[in-house]
*Asks:* 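Structure provided below as C-alpha cells; questions to follow.
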Amino acid sequence: MKRFFLAVAAVLTTMAGIYQADACTRVLYVGDSALRIVGRSLDWRTPIPTNLYVYPRGMKKVGNLSSNSVTWTSKYGAVYAVGYDGGVTEGMNEKGLVINGLFCKGTKYTNVYTEGRPAMSLSVFVAWLLDMNATTDDVVAVLKQHNFNISGATFDGGTVSALHWGITDATGKSAILEFDNGEINVYEGQDIAALTNDPAWPKMNAINDYWKSIGGQNMLPGTVKSPDRFVRANYFAQHVKKTADSSLGAAICRSIVMNCSVPFQYAVEGEPNLSSTQWRSLANLRDRTYYFDIVTNPGMFYIDLKKCDLRPGAPVLKLDTSKSDNFVGDVTAKLTPSAPFTPMY
C-alpha cells in the first residue's frame with residue numbers, strides 16, 4: 001500500500017510539472033425526462049469581460065472581412081457569451097445545441113492545404129456552427145467537410161486563441177473537436193461527461209482510465225491542473241442523483257462545476273500567471289435556459305430562450321453583465337435591443 005501511494009504521488013508530481021492551470025472545465029449533467037445541462041467554468045489569469053447576446057434567425061453574416069470568406073444566413077436563433085464584446089466563447093441555440101470553447105495548448109488550425117479555403121475567424125466560429133446546425137451530427141458533417149480556414153486575433157497581450165470545443169445537442173449526442181496541425185479530429189459519443197484543457201482528448205482519456213482503476217470513492221486528484229479537474233468532473237457527473245426538475249438539476253450541475261473551479265484570486269508564490277475561475281454557465285438543453293454565474297456576483301441569473309423573439313427581423317438583444325451585480329433568477333426581460341457585437345477578426 002505504501003508503494004502504491006508513493007507511485008500515485010510520483011504521477012501527480014510529474015503531471016503538476018507538465019500541465020499549467022490554464023482555463024476552463026466543461027461538464028454534462030444527465031437527469032431524468034430528457035433533462036441535460038451543460039455546465040462550464042471560464043478560467044483565466046486576467047479579466048475577460050463577457051456579455052450575453054441573443055441573435056434572431058435570418059441574419060446575414062461573414063466569417064471574415066476578406067473577399068474569400070465563409071458567408072451564411074442564420075437558420076436558428078441563439079444566445080452567445082461574447083468575450084471582450086468581440087468573440088463568441090460559447091453559446092446555445094433554440095434547438096438545444098450547445099458549443100463550448102476551452103483553451104488547449106498546442107492547437108494549430110491551419111496547414112498548407114487549408115490556406116486557400118474560405119476564411120473563418122475564431123471570433124464567430126461558434127456562432128456559425130450554432131446558427132446553421134440543429135444537432136451534433138449536423139455539426140460533425142460540416143466539420144468533416146472542412147471547407148474553411150480558421151484564423152483569429154490574439155488577446156491578453158498576444159496570447160494565441162488555442163482552443164478545442166465540446167459539442168452537445170438536446171439528445172446528449174456529443175463530440176469533441178480538436179485541430180492538430182490543420183487536421184480536424186472529431187471524437188463522437190453519447191453524453192460525453194467532461195472536457196478540460198491539455199492534453200489532447202486521447203491522452204486525457206488514458207489518464208482518466210488510470211483513475212477509474214483506483215476508484216473515485218477511494219481517492220480523486222485534487223489540484224487545479226487540467227487532468228485533475230477532468231477526472232473529478234467525469235467522476236462526479238456520473239455519481240450524482242438524477243432528477244427531472246430543472247432547478248434541482250441546475251443546482252447539481254453547478255455544484256460539480258464549482259468543485260472543478262479554480263478559487264478566485266488563486267495565487268502561488270513564484271507563479272504569476274495562474275488562472276482562476278471568472279464565471280460559470282449552465283445550458284439547459286431541454287428547457288432552453290442559459291444560466292450565468294459571475295464569481296464576484298452574489299446571485300446566478302438566466303435567460304429563457306423560449307421567451308425571446310427569434311423571428312427574422314427581430315432586434316439583437318444584449319445583457320451587459322457589468323451591470324448584473326444584483327441580478328438573480330430570470331433576467332430575460334432585462335435584455336435590451338443592441339447593435340451586433342463587432343467581431344475581432
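Numbering starts at 1 and runs along the sequence shown. Computed from a prediction, not measured in an experiment: that's the story for all the values here.
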*Asks:* Which heavy-atom pair separates Leu35 from Ser246 by the least distance, and what is that distance?
*Replies:*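 Minimum heavy-atom contact is CD2-CA, 4.2 Å.
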*Asks:* What heavy-atom pair brings Leu143 and Ile167 nearest, and what distance separates the two atoms?
*Replies:*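 Looking at all heavy atoms of both residues, the shortest contact is CD1-CD1, 4.1 Å.
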*Asks:* Using 0.5 Å steps for rounding, measure from the CG atom of Leu195 to the SG atom of Cys104.
*Replies:*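 Rounded to the nearest 0.5 Å, the CG-SG separation comes to 8.0 Å.
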*Asks:* The test is side-chain contact (heavy atoms from CB on, under 4.5 Å); show your working for Arg45 and Leu274 and say whether it passes.
*Replies:* CA-CA 6 Å; Arg45 59 182 177 263; Leu274 292 175; over 6 Å; no
*Asks:* Mind checking whether Tyr291 and Leu248 sit in one hydrophobic cluster, side chains of I, L, V, M, F, W, Y counted as touching below 4.5 Å?
*Replies:*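 Yes: a chain of side-chain contacts under 4.5 Å links Tyr291 to Leu248.
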*Asks:* Let me check something: do Ile37 and Val27 share a hydrophobic cluster, defined by ILVMFWY side-chain heavy atoms less than 4.5 Å apart, either directly or through other members?
*Replies:*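 Linked within one cluster.
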*Asks:* Does atom NZ of Lys334 have more than 12 heavy-atom neighbours, drawn from other residues, nucleotides or ligands, at distances under 6.0 Å?
*Replies:*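 Open: at most 12 neighbouring heavy atoms sit under 6.0 Å from NZ of Lys334.
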*Asks:* Is it the case that one hydrophobic cluster holds both Leu310 and Val126, taking links as side-chain heavy atoms less than 4.5 Å apart, direct or via other members?
*Replies:*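 Hydrophobic grouping puts Leu310 apart from Val126.
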*Asks:* CG/Leu42 to CZ/Arg280 distance, rounded to the nearest 0.5 angstrom?
*Replies:*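 Reported value, rounded in 0.5 Å steps: 11.0 Å.
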*Asks:* Show, in sequence, the C-alpha distance, side-chain angles and deciding distance for Ser322 and Asp320, and conclude whether the side-chain hydrogen bond (donor to acceptor under 3.5 Å, both in side chains) test is met.
*Replies:* CA-CA 5 Å; Ser322 69; Asp320 184 346; 2.6 Å; yes
*Asks:* Any salt bridge between Lys173 and Glu188, counting N to O under 4.0 Å?
*Replies:*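 Salt bridge: yes.
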*Asks:* Going only through I, L, V, M, F, W and Y residues with side-chain contacts under 4.5 Å, is there a path from Leu163 to Met344?
*Replies:*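 Result: no, two separate clusters.
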*Asks:* Less than 6.0 Å separating the ring centroids of Phe230 and Trp201?
*Replies:*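 Close enough - the centres of the two rings lie under 6.0 Å apart.
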*Asks:* If we count only N and O atoms by modelled type, under 3.5 Å, do the side chains of Asn51 and Thr321 hold a donor and an acceptor together?
*Replies:*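 Side chains of Asn51 and Thr321: pair found under 3.5 Å.
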*Asks:* Side chain of Asn297, backbone of Gly299: donor and acceptor closer than 3.5 Å?
*Replies:*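 Not confirmed, Asn297 side chain does not pair with Gly299 backbone.
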*Asks:* Is there a donor-acceptor contact under 3.5 Å linking the side chains of Asn149 and Thr110?
*Replies:*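 Absent: no donor and acceptor within the cut-off.
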*Asks:* Which of parallel (below 30°), tilted (30 to 60°) and perpendicular (above 60°) describes Phe103 and Trp44?
*Replies:*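 Geometry flag for Trp44 against Phe103: tilted rings.
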*Asks:* I'd like to know if the side chain of Asp169 pairs up with that of Thr171 as donor and acceptor (distance under 3.5 Å, no hydrogens or angles considered).
*Replies:*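 Yes, a side-chain donor-acceptor pair sits under 3.5 Å.
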*Asks:* Do any N or O atoms from the side chain of Arg232 and from the backbone of Pro221 form a donor-acceptor pair under 3.5 angstrom?
*Replies:*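 Yes, because the side chain of Arg232 sits within donor-acceptor range (under 3.5 Å) of the backbone of Pro221.
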*Asks:* For the backbone of Ala162 and the side chain of Lys105, can you confirm whether one donor and one acceptor N or O come within less than 3.5 Å of each other?
*Replies:*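 Answer holds: no.
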*Asks:* Are Arg288 and Asp304 close enough for a salt bridge, meaning some N to O gap below 4.0 Å?
*Replies:*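 Salt bridge absent between Arg288 and Asp304.
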*Asks:* Establish, from distance only, whether the side-chain atoms of Asp198 and Ser226 form a donor-acceptor pair under 3.5 Å.
*Replies:*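 There is no such pair between these side chains.
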*Asks:* Please test Asp85 against Thr342 for side-chain contact (heavy atoms from CB on, under 4.5 Å), starting from the C-alpha separation and ending with a verdict.
*Replies:* CA-CA 7 Å; Asp85 258 1; Thr342 301; over 6 Å; no
*Asks:* Report yes or no: do Ser41 and Trp279 form a side-chain donor-acceptor pair below 3.5 Å?
*Replies:*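 Distance-only check fails for Ser41 and Trp279.
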*Asks:* Once rounded to the nearest 0.5 Å, what's the spacing between atom CD1 of Ile176 and atom OH of Tyr187?
*Replies:*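 Output value for this atom pair is 10.0 Å.
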*Asks:* Could you tell me the separation between the OG1 atom of Thr25 and the CE atom of Met258, rounded to the nearest 0.5 Å?
*Replies:*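 If I round to the nearest 0.5 Å, the distance is 13.0 Å.
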*Asks:* Between Thr332 and Asp330, do the side chains contain a donor N or O and an acceptor N or O under 3.5 Å apart?
*Replies:*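 Yes - a donor-acceptor pair under 3.5 Å links their side chains.
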*Asks:* Would you find a donor on one side and an acceptor on the other, under 3.5 Å apart, between the side chain of Asp43 and the backbone of Cys24?
*Replies:*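 Yes, because the side chain of Asp43 sits within donor-acceptor range (under 3.5 Å) of the backbone of Cys24.
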*Asks:* Check the pair Ser174, Gln190 against side-chain contact (heavy atoms from CB on, under 4.5 Å), reporting the backbone distance first and the verdict last.
*Replies:* CA-CA 6 Å; Ser174 306; Gln190 181 64 33; over 6 Å; no
*Asks:* Indicate yes or no for a side-chain donor-acceptor contact from Asn93 to the backbone of Gly96 under 3.5 Å, with no hydrogens or angles considered.
*Replies:*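 Between the backbone of Gly96 and the side chain of Asn93 there is a qualifying donor-acceptor contact (under 3.5 Å).
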*Asks:* Measure centre to centre between the rings of Phe292 and Tyr302, then say whether the value is under 6.0 Å.
*Replies:*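 Centroid separation for Phe292 and Tyr302: 6.0 Å or greater.
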*Asks:* With distance as the sole criterion, is a donor-acceptor pair present between the side chains of Asn259 and Arg229 under 3.5 Å?
*Replies:*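 Asn259 vs Arg229: no donor-acceptor pair found between side chains.
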*Asks:* For Ala237, is there any backbone N or O sitting under 3.5 Å from a side-chain donor or acceptor partner on Asn234?
*Replies:*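 Pair absent, no side-chain N/O of Asn234 close to backbone of Ala237.
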*Asks:* Roughly how far apart are Tyr29 OH and Ile252 CD1, rounded to 0.5 Å?
*Replies:*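 Rounded to the nearest 0.5 Å, the OH-CD1 separation comes to 4.0 Å.
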*Asks:* Is it true that the side chains of Asp131 and Trp72 contain a donor and an acceptor less than 3.5 Å apart?
*Replies:*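 A pair is found: one side chain offers a donor N or O, the other an acceptor, under 3.5 Å apart.
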*Asks:* Counting N and O atoms only, with roles assigned by atom type, does the side chain of Ser74 sit under 3.5 Å from a partner on the main chain of Met59, one being a donor and the other an acceptor?
*Replies:*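 Flag set: sc Ser74 to bb Met59 pair under 3.5 Å.
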*Asks:* Within the side chain of Ser261, is there an N or O that forms a donor-acceptor pair under 3.5 Å with the backbone of Val257?
*Replies:*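 Yes.
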*Asks:* Could you please spell out the steps behind the side-chain contact (heavy atoms from CB on, under 4.5 Å) verdict for Met132 and Asp138?
*Replies:* CA-CA 9 Å; Met132 301 303 291; Asp138 293 342; over 6 Å; no
*Asks:* Testing the basics here: between Val98 and Ala283, what is the closest heavy-atom pair and its distance to 0.1 Å?
*Replies:*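 Shortest heavy-atom contact: CG2-CB, 3.9 Å.
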*Asks:* Ignoring hydrogens, what is the shortest heavy-atom contact between Leu177 and His164? Give both atom names and the distance.
*Replies:*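 Minimum heavy-atom contact is O-CB, 3.1 Å.
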*Asks:* Shortest non-hydrogen contact from Leu282 to Ala250?
*Replies:*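 Heavy-atom minimum between the residues: CD1-O, 3.5 Å.
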*Asks:* Restricting to non-hydrogen atoms, name the atom on Asn64 and the atom on Ser151 that form the minimum distance, rounded to 0.1 Å.
*Replies:*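 Closest approach of Asn64 to Ser151: ND2-OG, 3.3 Å.
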*Asks:* How long is the straight-line distance from CG of Leu317 back to CD1 of Ile303, given to the nearest 0.5 Å?
*Replies:*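 Ile303 atom CD1 to Leu317 atom CG measures 8.5 Å (nearest 0.5 Å).
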*Asks:* Is a side-chain donor or acceptor of Asp180 paired with a backbone partner of Thr107 at a separation under 3.5 angstrom?
*Replies:*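 Side chain of Asp180 to backbone of Thr107: no pair is present.
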*Asks:* Do you see a donor-acceptor pair shorter than 3.5 Å between the side chains of Glu183 and Tyr109?
*Replies:*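 The answer is no; no qualifying pair exists.
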*Asks:* Run the ring-centre check on Trp128 versus Phe148 and record whether the distance is less than 6.0 Å.
*Replies:*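 Here the rings of Phe148 and Trp128 have centres that are less than 6.0 Å from each other.
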*Asks:* Heavy-atom count check: over 12 atoms from other residues, nucleotides or ligands less than 6.0 Å from Tyr113 OH?
*Replies:*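 No, not enclosed.
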*Asks:* When you check the gap from the basic side-chain N to the acidic O, do Arg26 and Glu90 get nearer than 4.0 Å?
*Replies:*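 No salt bridge links Arg26 with Glu90.
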*Asks:* Between Asp245 and Thr243, is there a side-chain donor-acceptor contact under 3.5 Å, judged purely by atom types and distance?
*Replies:*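 Judged by distance alone, the side chains do not pair up.
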*Asks:* State plainly whether one hydrophobic cluster holds both Leu52 and Ile48, where clusters connect Ile, Leu, Val, Met, Phe, Trp and Tyr through side-chain heavy atoms under 4.5 angstrom apart.
*Replies:*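 They do share one cluster, since a chain of ILVMFWY contacts under 4.5 Å joins Leu52 to Ile48.
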*Asks:* Would you mind telling me which of Leu130, Leu97, Leu285 makes a side-chain contact (heavy atoms from CB on, under 4.5 Å) with Met92?
*Replies:*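 Result: among Leu130, Leu97, Leu285, Leu285 is the only option passing the side-chain contact (heavy atoms from CB on, under 4.5 Å) with Met92.
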*Asks:* Side-chain donor-acceptor pair under 3.5 Å between Asp287 and Thr289, yes or no?
*Replies:*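 No - no donor-acceptor pair under 3.5 Å links their side chains.
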*Asks:* Check whether Arg36 reaches the backbone of Asp191 with its side chain - one donor and one acceptor, N or O, closer than 3.5 Å.
*Replies:*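 No, the answer is negative, given that no donor and acceptor are paired below the 3.5 Å cut-off.
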*Asks:* With a 6.0 Å cut-off on the ring centroids, do Tyr80 and Tyr53 count as close?
*Replies:*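 When the ring centroids of Tyr80 and Tyr53 are compared, they turn out to be at least 6.0 Å apart.
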